[in-house]
2 protein chains.
Amino acid sequence: MARAATTADTFNAVAEPRRREILDALAQRERPVNELVEILGLAQPHVSRHLRVLREVGAVDVRDEGRQRVYRLNPQALKPIHDWVASYQHLWEERFDLLEDVLEDLKEQEN
Amino acid sequence: MARAATTADTFNAVAEPRRREILDALAQRERPVNELVEILGLAQPHVSRHLRVLREVGAVDVRDEGRQRVYRLNPQALKPIHDWVASYQHLWEERFDLLEDVLEDLKEQEN
DNA sequence: AAATTATATACCCATATGGATATGCATTGG
DNA sequence: CCAATGCATATCCATATGGGTATATAATTT
């Protein structure tokens, strides 16, 4: 079956470095395709394909503006990812707390 | 060039639903492979391969325990992902604020 | 209407993937 | 020492991928 289709979910869509670059660029402001082509240094068809994937998972919206197509970030699409990682956050922070506790104990023993 | 190797970074490693399941299972407690096989309902070789990917990006650690290999979550590995999405958080929250503003305006107009 | 600009899509290719199955390799138990 | 257990690895396959290049489509300019 190979890997799940990239269009299936946001996790896959965002696993592509180029697509993260696109999102980063759109986080600053909305942009037409050719501006993204410039920024990424990729061929235009590839940018369009990445944009399509991002569209399909709802990470970006498009708007026709004359003969340009202006892409805009839809940040909400990233929330599921945020929620998932956030559920792990306390785990690495706990570990940090443990380290602090140990340092605290060492300090007390010194006195 | 096909997609970047899954072993390349944590984003790709975590893009696989099965691997997220593994991490979720390990978030509760460390587990030997056969326990993960049970939980995922996947063939053992596949679980081992997913574990290898997770190991290579540092998302899990292994420990030999008799003839078992006990896997443990390494939550820190997820921090880069957290940091990346977190940088977008204010964007979807801002939008929420805008919505609140609009509702506020509507309410005032009613009065 | 023709030429140009801005995108999207179609097709080709090499490669990476995940699942299936078979096998190798330790460690432990009899 | 041999069988059993617990994993890891190798090989095979169908499919999805991303990049390259060519082409289709739509809007604008001349």
Side-chain angles (χ1 to χ4, degrees), chain A residues 1-23 25-26 29-73, chain B residues 1-23 25-26 29-73:
Chain A
M1 204 203 276
R3 195 187 304 192
T6 192
T7 55
D9 65 58
T10 320
F11 280 93
N12 262 303
V14 155
E16 231 305 310
R18 307 308 209 144
R19 288 198 282 264
R20 286 203 299 280
E21 281 186 57
I22 290 179
L23 294 181
L26 294 180
R29 81 186 79 90
E30 55 177 25
R31 300 178 191 271
V33 176
N34 68 5
E35 216 172 298
L36 294 169
V37 170
E38 180 105 4
I39 293 174
L40 296 202
L42 262 187
Q44 173 267 313
H46 299 141
V47 175
S48 284
R49 279 186 20 144
H50 284 311
L51 285 170
R52 180 181 184 145
V53 173
L54 291 172
R55 242 186 304 146
E56 285 176 345
V57 301
V60 300
D61 297 322
V62 215
R63 187 180 81 237
D64 277 26
E65 183 134 327
R67 56 184 161 187
Q68 291 191 311
R69 283 171 68 80
V70 181
Y71 281 81
R72 188 164 40 88
L73 180 68
Chain B
M1 204 205 276
R3 197 187 300 194
T6 191
T7 55
D9 64 57
T10 318
F11 280 93
N12 262 302
V14 156
E16 232 303 311
R18 308 308 210 144
R19 288 198 282 264
R20 286 203 298 281
E21 281 185 55
I22 291 179
L23 294 181
L26 294 180
R29 82 187 78 93
E30 56 177 25
R31 301 177 190 271
V33 177
N34 67 5
E35 217 172 297
L36 294 169
V37 169
E38 180 105 5
I39 293 174
L40 295 203
L42 262 187
Q44 173 266 313
H46 299 142
V47 175
S48 284
R49 276 183 30 138
H50 284 311
L51 285 170
R52 178 178 186 149
V53 172
L54 291 172
R55 241 187 304 148
E56 286 176 345
V57 301
V60 300
D61 297 324
V62 215
R63 188 179 82 236
D64 277 24
E65 182 133 328
R67 56 185 159 183
Q68 291 190 311
R69 284 172 67 79
V70 180
Y71 280 82
R72 187 164 41 86
L73 180 69

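Proteins come first, then strands; the chains are lettered A, B, ... in the order of their sequence lines, and each starts at number 1. Note that this is a predicted model, so its numbers are computed, not measured.
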* What is the distance, rounded to the nearest whole Å, between atom CD of B/Q68 and atom P of D/dT5? -> 13 Å
* Quick one: A/E16 CD to C/dT17 C1', roughly how many Å, whole number? -> 14 Å
* Asked: Taking atom P of C/dT7 as reference, at what distance in whole Å does atom CZ of A/R55 sit?
  -> 12 Å
* Asked: What's the CD-C1' distance between B/E35 and D/dT5, to the nearest Å?
  -> 16 Å
* Quick one: CZ on A/R52 to CZ on A/R49, what's the gap to the nearest 0.5 Å? -> 9.5 Å
* A/R69 side chain near C/dA8 phosphate (N/O to OP1/OP2, under 4.0 Å) -> yes
* Structure fact -> Whole-Å distance, A/E38 CD to C/dA6 C1', equals 14 Å
* **Atom-pair distance (CD1 on B/I22; C1' on C/dG19), nearest Å** => 14 Å
* Asked: Whole Å only: how far is the CZ atom of B/R63 from the C1' atom of D/dA8?
  -> 18 Å
* Asked: Would one find a side-chain N or O of A/Y71 under 4.0 angstrom from OP1 or OP2 of C/dA8?
  -> yes
* **Below 4.0 Å: OP1/OP2 of C/dT9 and any side-chain N or O of A/R52** => yes
* Structure fact -> Here the distance between atom P of C/dA20 and atom CG of B/L40, to the nearest Å, is 12 Å
Under 3.5 Å, which donor-acceptor pairs link side chains of residues 30-37 of chain B to any protein atom two or more places apart or in another chain?
unit_1	atom_1	unit_2	atom_2	d
B/E30	OE1	B/R63	NH1	2.9
B/E30	OE2	B/R63	NH1	3.2
B/E30	OE2	B/R63	NH2	3.1
B/R31	NE	B/A25	O	3.0
B/R31	NH1	B/E35	OE2	2.7
B/R31	NH2	B/A25	O	3.4
B/R31	NH2	B/Q28	OE1	2.6

* To do: Give a yes/no answer on whether the side chain of B/H50 brings an N or O atom under 4.0 Å of OP1 or OP2 in C/dT17.
  => no
* Structure fact -> Note: A/V60 and A/R55 closest approach over all heavy atoms is CG2-N, 3.6 Å
* Contact summary for B/A13 and B/V53, nearest pair of heavy atoms -> CB-CG1, 4.0 Å
* Summary of protein contacts for nucleotides 20-30 of chain D, nucleotide by nucleotide, where a base hit scores B, a sugar-phosphate-only hit scores S (4.0 Å, heavy atoms) -> BBB----BBS-
* Using modelled atom types only, decide if a donor and an acceptor are shared between the side chain of A/R20 and the backbone of A/V14 within a distance under 3.5 Å. => yes
* Taking only N and O in the side chain of A/N34, is any of them less than 4.0 Å away from OP1 or OP2 of C/dT5? -> no
* Asked: Does the side chain of B/H50 come under 3.5 Å of the side chain of B/R18 through a donor N or O and an acceptor N or O?
  -> no
* To do: Identify the two heavy atoms, one from B/Y71 and one from B/L26, that lie closest to each other, and give their separation to 0.1 Å.
  => O-CD2, 3.5 Å
